[in-house]
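All values derive from a computational prediction rather than experimental measurement. Any value given below was found using the heavy atoms of this structure, including those in side chains, with hydrogens, waters and symmetry copies removed.
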Amino acid sequence: MASSASGVEEVRVSVLTPLKLVGLVCIFLALCLDIGAVLSPAWVTADNHYYLSLWDSCWKPANSDSWQCNSTLSTDWQIATLALLLGGSAIILIAFLVGLISVCMGSRRRFYRPVAVMLFAAVVLQVCSLVLYPIKFIESVSLRIYHEFNWGYGLAWGATIFSFGGAILYCLNPKNYEDYY
């Protein structure tokens with residue numbers, strides 16, 4: 001009360017809230033998972049005789065020990081999947097850089113909304129690619145042995161989930177929460 005009676009106002013310094021820091025960590029994890037997913041050799045595997053990645057399709061004939069591989073960039077759906085996933089990854093990278101620069105510069109508030117919008121756009125692109133991939137794979141590839149979507153596909157879903165979490169955290173209004181931190 002003494003400060004208000006003397007006419008001195010309290011000046012608030014904008015600090016990085018834990019929500020935005022966790023959001024930045026989510027974006028970084030999404031970026032790392034996207035890199036792992038794109039480079040993964042195992043999006044689909046089948047009993048150690050077949051594997052499919054975003055870049056190549058390899059199979060091992062039953063009477064041979066050598067693998068035969070072909071590029072997967074010959075079909076439209078695989079190119080579309082790769083393009084959507086790489087587009088989402090690029091947007092996540094840009095969102096991470098903008099978030100990191102805003103933390104370093106100290107002008108955080110005006111970058112919250114653009115980072116959130118970029119992350120939601122990346123989520124849309126990645127969900128489209130991750131829904132397209134199994135549908136078109138089942139439609140076009142006929143494996144007569146047991147096959148499963150493997151860890152590369154799972155990493156891509158993990159990246160999408162972390163991107164969505166980061167977008168939600170960047171959407172939370174810091175004005176309502178700064179009093180608590």
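Relative ring orientation between Phe28 and Phe96 is described as tilted, the plane-to-plane angle lying within the 30° to 60° band. Tyr153 and Trp157 have perpendicular rings, their planes meeting at more than 60° on a 0 to 90° scale where under 30° would count as parallel.
The shortest heavy-atom contact between Leu100 and Leu24 is N-CD1, 3.9 Å. Nearest heavy-atom pair across Gly99 and Val115 is N-CG2, 4.0 Å. Considering every non-hydrogen atom in both Leu125 and Gly87, the closest pair reads CD1-C, 3.9 Å. What you find for Val131 and Pro134 is that their closest heavy atoms are O-CD, 3.4 Å. Residue Ser74 comes nearest to Ser71 through the heavy atom pair OG-O, 3.7 Å, listed as atom of the first residue, atom of the second, then distance. Of all non-hydrogen atoms in Ile79 and Leu73, the two that sit nearest each other are CD1-O, 3.2 Å.
Leu85 and Tyr51 fall into different hydrophobic clusters, where Ile, Leu, Val, Met, Phe, Trp and Tyr are joined by side-chain heavy atoms under 4.5 Å apart, directly or via other members. Linking ILVMFWY residues whenever their side-chain heavy atoms come closer than 4.5 Å, directly or via other members, places Ile27 and Leu93 in the same cluster. Linking Ile, Leu, Val, Met, Phe, Trp and Tyr whenever their side-chain heavy atoms come within less than 4.5 Å puts Ile138 and Leu130 in one cluster. Hydrophobic clustering of Ile, Leu, Val, Met, Phe, Trp and Tyr side chains at less than 4.5 Å, counting indirect connections, keeps Leu29 apart from Val98. Residues Leu82 and Trp43 fall within the same hydrophobic cluster, defined by Ile, Leu, Val, Met, Phe, Trp and Tyr side chains chained together at heavy-atom separations under 4.5 Å.
Atom CZ of Phe137 is separated from atom CG of Leu52 by 6.0 Å, given to the nearest 0.5 angstrom. Note that the OG1 atom of Thr81 and the CG atom of Leu86 stand 10.5 Å from one another [nearest 0.5 Å]. In this structure, CD in Gln68 is found 13.0 Å from CG in Asp56, a value given to the nearest 0.5 Å. From Trp77, atom CH2 reaches atom OG of Ser129 across 11.5 Å, with rounding to the nearest 0.5 Å. We find the SG-CZ distance between Cys26 and Phe164 to be 11.5 Å, quoted to the nearest 0.5 Å.
In this structure the side chain of Asp34 reaches within 4.5 angstrom of the side chain of Gln126, judged on heavy atoms. The closest side-chain heavy-atom distance from Tyr133 to Phe149 is below 4.5 Å. Residues Phe111 and Ile101 have side chains not in contact (no heavy-atom distance under 4.5 Å, counting atoms from C-beta outward).
The local environment of CZ in Phe120 is crowded, with over 12 non-hydrogen atoms from other residues, nucleotides or ligands closer than 6.0 Å. Summarising the local packing, CZ of Phe162 is surrounded by 12 or fewer heavy atoms from other residues, nucleotides or ligands at distances under 6.0 Å.
A donor-acceptor distance shorter than 3.5 angstrom exists from the side chain of Thr72 to the backbone of Trp55, with no hydrogens or angles considered. Of the possible donor and acceptor atoms, one in the side chain of Ser163 sits under 3.5 Å from a partner among the backbone N and O of Ala159.
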(request) Apply side chain to side chain contact (heavy atoms under 4.5 Å, CB included) to Thr75 and Lys136, showing your working. (result) CA-CA 10 Å; Thr75 58; Lys136 295 306 282 183; over 6 Å; no
